[in-house]
Amino acid sequence: MLLSSIALDLPLPRLFDYAVPEHLAAQLRRGMRVRVPFGRRQTSGIVVRAPFEAGADAGEHRLIEALIDDSPLLPAELLSLCEWAADYYHHPLGEVLAAALPGSLKREGSAESGEPLWQLSEAGRAALAGLPERQRALRAALQTLAEQPRRGKAWAPAAQRQTLLERGWARCELAPAAPAPYLAPLPLPELTEEQSQALAALQENGEHFHVSLLDGVTGSGKTELYLRRIAQALAAGRQALLLVPEIGLTPQLQTQLAQRFGEGVASFHSGLSAREREKTWLAARAGSVAVVVGTRSAVFVPFARLGLIVVDEEHDTSFKQQDGFRYSARDLAVVRAQRAQLPVILGSATPALESLHNARAGRYRHIRLTRRVQTQAPPQIRVLDVRGQQLQHGLSEPLLLAIDRCLEKGEQALLFINRRGYAPLLLCHACGWRAPCTHCDAQLTVHRTRGRLICHHCGWQQSLPRECPSCGGSELISVGQGTERIEQALANRYPRHRVERLDSDRLSQRSELDALLADIRARRIDILVGTQILAKGHDFPSLSLVGIVSADQALYGADFRAIERMGQMLTQVAGRAGRSGQAGEVWLQTHEPEHPLLRTLIDKGYHALSDELLLERQAACLPPYSHLALLRAEAQDAQTPLRFLTQAREHCLGFAGVQVMEPIPSGMERRAGYWRAQLLLQAAQRSELHRALAAAVPQIAELPGARRLRWSVDVDPADLF
DNA sequence: AGCACGCCGACT
DNA sequence: GTCGGCGTGCTC
């Protein structure tokens, strides 16, 4: 009896073997979707192991009911990447595959795209001689195929094609679309000397696997180098994948891509409809789209002839999926490139410490761009010691005066504060009551324009109270600053100038963002207030002043990556200043002007900071000098997660080189009504950590309590909360 | 995850 | 007497 292993979209760490009906045996191949009975229902799955002879001990097997695809929906390269990822992240393969498929193709759904290519098999050639004269139609079909492979369906009637497949006399593959000829639009922007050298370095290993860390200050022209390398891939008849942190926020990049590659560019991100995503996915697979630009999940888009992967802003944490299947798209991009033997470029002005460490270790080629294309001087960060200073809504007098001067010169100013809303806390002056979220260990944020109190952790909201719910007092004060408050304060101070706010609250609609960015470029906006959204790759041509309202939050951050993040964010925001001709000034308000790491960043820059942080990490045995995995658990009461993790811990113990900490409540223990806890595993060698997880995770899944709570494995966690 | 089976509390 | 709560077990 022939069996085939099928991956089903279930949270179970195993495959299911089904019996293969005779008439399907010849056609069934890895990567095809099949319909199978499962329990008392029907579901669909993906063939992971092609038909194999059942061993003597084979138990009972139900029959595969039908094929959904004529040819494998998942190309071999992608399927094996998913298998690798399931293994590495210790996540069920069926769920990994579900994450890799666009929603509409997860179940049934026809995947007709491009032309099928039919070829005669060895068995078919052999059968040709022995086929009786009477079966004229079948003979004719076989004869046609024997002459040459055929595209499409017109070469034989459906019945005969079906028979050929069933008997294994023919195979049907997706025929790769012919590459569209790539014509470089002229003239291309001229490269600086430094850019030319970097481009030469990027080309050095040709089209084979190598990782280039393109480490270039903001404005040094990394994007142009991506475009050149992509153009080279296209000219060689290949396709390219460009991963970006958040696509909706980078319309400029989209425009540049469209200008350079025209219709050959397609995007892939959550802002698109299921239909649009499916279209891009299938077009890339068929080879009929040249460049795919997409967010995290685009790392799973199949390609007929992938030739290059670029990860822009590789340090960005949005490449890490934060729930369910917790993969890192940046890391998977490198693995994918390695397995497919392609070059990959990781680009950033502020590379992750992991990437810098890989570059130092010689695993990545480190290519640096230190000069800006348009201005000579990088912006100088000036520290504003605000201790004891009179602050107006968090803004100090010197900063306000700097804004005055900036506006007088007719230039634009940008105020950065990494907090949405009006104020992070509502406090009763009479009794000290603070507005809490009833579902989280957090305060509600005041949103004055909407007249609401909103929890930024679970989304819960209520209307803004007029009196204190605790004592009835009427003096409720907003403590601290958010973007709304800064916006309002500046609008009041500068009534004749236009002040706008840019944060995720304002970005409900894409058209709004476009209009806002257009207004900024046309200098219709004088002051822009916003969160880290501002740091992400926008060019503001006449921006001469950047004010960072406070850097202090990050300095007290509990996570071991807090300072690294702060350095990245401040460097990225500061990089917005002075992009065309003017030098630009950056002011940073802080209560900790002497903080040594803040000093390093300001006086010597991000790379000096990262050098120091790497030393600290080495001394503390933290990543990238060790490897972490976090077991997370949450339940509706406080004890269940800790109890579960205590049991889970037993299964993690006893592996050489792996340290298993005690389970502890998470940084914010209660969130969205759930009590959360975590268990940290640490190992000097990745292989040791992997060995422990491979043994422990299936056992943990079998724990009696495992079904009464939510739990997950987080390999290479982005944060320890 | 579904979807069953199975054994204890308040209802027509 | 039964409707239905969710604990436990299984799915090739």
Side-chain angles (χ1 to χ4, degrees), chain A residues 1-25 27-69 74 79 82-83 85-86 89-109 321-327 631-641 643-644 647-648 651 672-675 697-714:
Chain A
M1 181 176 51
L2 284 177
L3 298 181
S4 177
S5 303
I6 311 294
L8 302 173
D9 183 8
L10 298 170
L12 300 175
R14 66 198 146 116
L15 301 174
F16 291 86
D17 292 343
Y18 283 83
V20 181
E22 230 169 275
H23 70 284
L24 296 181
Q27 326 168 47
L28 200 68
R29 272 175 294 155
R30 260 166 68 82
M32 285 180 169
R33 292 174 301 168
V34 289
R35 209 166 44 241
V36 291
F38 187 71
R40 15 204 102 198
R41 66 212 154 95
Q42 274 221 356
T43 186
S44 63
I46 289 165
V47 179
V48 168
R49 196 171 163 201
F52 58 96
E53 199 58 51
D57 58 340
E60 302 234 333
H61 297 283
R62 298 174 76 179
L63 277 169
I64 291 176
E65 202 149 291
L67 297 184
I68 300 173
D69 308 306
L74 280 117
L79 178 53
C82 289
E83 289 175 312
Y89 291 106
H90 298 276
H91 199 82
L93 179 58
E95 291 194 337
V96 172
L97 292 170
L101 288 172
S104 46
L105 295 175
K106 263 173 217 164
R107 301 261 164 235
E108 305 281 303
Q321 172 106 33
Q322 291 294 4
D323 53 70
F325 168 36
R326 296 170 176 263
Y327 65 98
L631 224 57
R632 303 165 186 274
E634 54 181 40
Q636 311 228 27
D637 67 290
Q639 284 318 302
T640 303
R643 258 205 309 269
F644 173 74
Q647 290 182 321
H651 295 286
Y674 283 84
W675 297 79
V697 171
Q699 290 187 287
I700 293 168
E702 298 288 307
L703 284 173
R707 287 206 50 175
R708 284 194 293 270
L709 48 55
R710 301 192 208 159
W711 66 282
S712 65
V713 184
D714 192 350

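So that the names make sense, note that chain A is the first sequence line, chain B the second, and so on, each numbered from 1.
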Quick one: label [X] by what it contacts on the DNA or RNA (base, sugar-phosphate, nothing), any heavy atom closer than 4.0 Å.
| X | value |
| --- | --- |
| L12(A) | base |
| P704(A) | nothing |
| Y18(A) | sugar-phosphate |

Once you round it to whole Å, what is the distance between [atom2] of [N] and [atom1] of [X]?
| X | N | atom1 | atom2 | answer |
| --- | --- | --- | --- | --- |
| E95(A) | dG2(B) | CD | C1' | 13 Å |
| L2(A) | dC12(C) | CG | P | 19 Å |
| E702(A) | dT11(C) | CD | P | 12 Å |
| L709(A) | dC6(C) | CG | C1' | 16 Å |
| R707(A) | dG7(C) | CZ | P | 11 Å |
| L703(A) | dG7(C) | CG | C1' | 16 Å |
| K106(A) | dA1(B) | NZ | P | 15 Å |
| F38(A) | dA4(B) | CZ | P | 13 Å |

Roughly how far, to the nearest 0.5 Å, is [atom2] of [Y] from [atom1] of [X]?
| X | Y | atom1 | atom2 | result |
| --- | --- | --- | --- | --- |
| L631(A) | H651(A) | CG | NE2 | 11.0 Å |
| L74(A) | R29(A) | CG | CZ | 13.5 Å |
| L2(A) | H61(A) | CG | NE2 | 11.5 Å |

base_contact_polar (dG9(C) base, R708(A) side chain, donor-acceptor, <3.5 Å)
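Checked by distance alone, the answer is no.
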
Between I46(A) and L101(A), does a side-chain contact (heavy atoms from CB on, under 4.5 Å) hold up when you go through it step by step?
CA-CA 11 Å; I46(A) 289 165; L101(A) 288 172; 3.7 Å; yes

Considering only side-chain heavy atoms of L10(A), which listed nucleotide, dA1(B), dC12(C), dG7(C), is closest?
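Between dA1(B), dC12(C), dG7(C), the one nearest the side chain of L10(A) would be dA1(B).
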
Which of the following nucleotides, dA4(B), dT11(C), dC10(C), is nearest to the side chain of R40(A)?
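Selected nucleotide (nearest to the side chain): dA4(B).
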
Using 30° and 60° as the class limits, which term best fits the ring planes of F38(A) and F16(A): parallel, tilted or perpendicular?
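Answer is perpendicular, since the angle exceeds 60°.
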
